[in-house]
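In what follows, a structure is listed as structure tokens, so that the remarks can point back to it.
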Amino acid sequence: MLSDCCLQQYIQSEADIQTTQKLKQTFEEYELDYTEEECRTSQVKRILRKIWLTLEEPSSSKIAKVFNYIFLAIVIVSMVTFVLGAHPSFREEKLPYTHLLMIIAYKDIRFFKELNLQNPKEVMLGTSLPNEALRYSEMFTSIFFTFELIFHFISCPRRSKYFRSPLNIIDLLLVVAMWTTFILEQDLEFLVNHYELVQFYLVIKSLLILRLFRVFRLMKVYSGLRIMMMSIRASIRDLLLLTLTFLITSLFFASFIYYAEFYVVDTFSDIFIGIWWSVITMTTVGYGDMFPKSTFGYIVGGACAFSGMLILAMPVAILATNFSNLYNKNILRQMKKSFIDRKSKSVDKLQLSRVSPTNIGEKQPVKVKCNW
């Protein structure tokens, strides 16, 4: 029964309300704290609350801010250590190359028997370890993150809800992975004598890259990071539709390029190679490892590149719109929260000013007159 102009306003207001509720739910989903009753009746709870706020809320105190900066600095150090540990210049040789050749020739060790001497990464893994400085740095970061996880969990107001946060789950996986790799690296000979253990070591070692996700703790300080994640989550249905369209289109052009280049000897031996080529072409990467050489192949390649630009341009607008909407609503939410905090502080100061030495400890009703 509404006209189009009023209906548009109504739908927009409903969408704004839903966005505001989603923001409130997201920002309060993992925010845990002790109740006033718990802090009033227990000294231990008060201490645990201070530890929890220091570790969880960077804006709660100056100590929390300092710890937050220290935490981020150690995260950066751990990432640099991880990257340098895979570079030959920062590794110490534990097994000389001549001894490696002797082991391959005279000992029946599966790891060395299957070692490809033409692959420097495999040789480096079997003969060297990160240098002493990197090992000490890795040990320090492992100890720091272990104690941080323990105190974080112990001081959590609701321990049953602690691992509902994906970041906390990643922290636990990282601590387990760091200590597992550290223990395995202590005995390189034992490690290489068990081929399955080497494969397990490589899997666990690759999990250490998850330490990059620790940077997302900045979401507590910079809400824009969380807004970015919410924008992707809000656009997930459109992104899935894009993925499906992209896969169908890539298969379409892969089939076309295969038959367009059918009489060319050294290109597109099968449709799977064509799928790789169409994905690289549609994303405008263009490695150049595979390209058409016939006239019909050029036509298909041009159509593939043009279609890729059209398909990839559509979700950008959707993501930008969702991000802008959530970002603007979050600014209003933060302004409202700041306003409420200032008001509550002014009320607390007024209450303290009305407490006389004779009635300290008694609950006195306070009426506050608000002129604005």
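When a residue number appears, it is its place in the shown sequence, counting from 1. None of the values given here were measured: they were computed from a predicted structure.
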In short, Ile257 meets Gly274 closest at the heavy-atom pair CG2-CA, 4.1 Å
Nearest heavy-atom approach of Trp277 to Cys304 is CH2-CB, 4.0 Å
Using atom types as modelled, flag every donor-acceptor pair under 3.5 Å from a side chain in residues 129-136 to any protein atom, sequence neighbours excluded.
{"unit_1": "Asn131", "atom_1": "OD1", "unit_2": "Ala133", "atom_2": "N", "d": "3.4"}
{"unit_1": "Asn131", "atom_1": "OD1", "unit_2": "Leu134", "atom_2": "N", "d": "3.0"}
{"unit_1": "Asn131", "atom_1": "ND2", "unit_2": "Phe90", "atom_2": "O", "d": "3.4"}
{"unit_1": "Glu132", "atom_1": "OE2", "unit_2": "Tyr136", "atom_2": "OH", "d": "3.2"}
{"unit_1": "Arg135", "atom_1": "NH1", "unit_2": "Pro130", "atom_2": "O", "d": "2.5"}

Rounded to the nearest 0.5 angstrom, the CG-CD distance for Asn68 and Glu56 is 10.5 Å
With sequence neighbours left out, the residues meeting ring-ring contact (aromatic ring centres under 6.0 Å, His included) with Phe256 are Phe252
Parallel, tilted or perpendicular: which one describes the rings of Trp276 and Tyr287, with boundaries at 30° and 60°? parallel
- Item | Close side-chain approach of Phe272 and Tyr258, heavy atoms under 4.5 Å | no
Notebook entry, point to check: Less than 4.5 Å apart, any side-chain heavy atom of Phe145 and any of Leu174?
Noted result: no
Contact list for [range], test salt bridge (Lys or Arg N to Asp or Glu O under 4.0 Å), sequence neighbours left out:
range	value
residues 304-319	none
residues 273-298	Asp266-Lys293
residues 239-260	none

Partner of Leu208 under side chain to side chain contact (heavy atoms under 4.5 Å, CB included), picked from Thr81, Thr180, Thr181, is Thr181
Quiz prompt | Greater than 12 external heavy atoms within 6.0 Å of Ile63's CD1 | solution = no
Residues joined to Leu244 in its hydrophobic cluster, side chain to side chain under 4.5 Å directly or through other members, sorted by chain and number, are Ile248
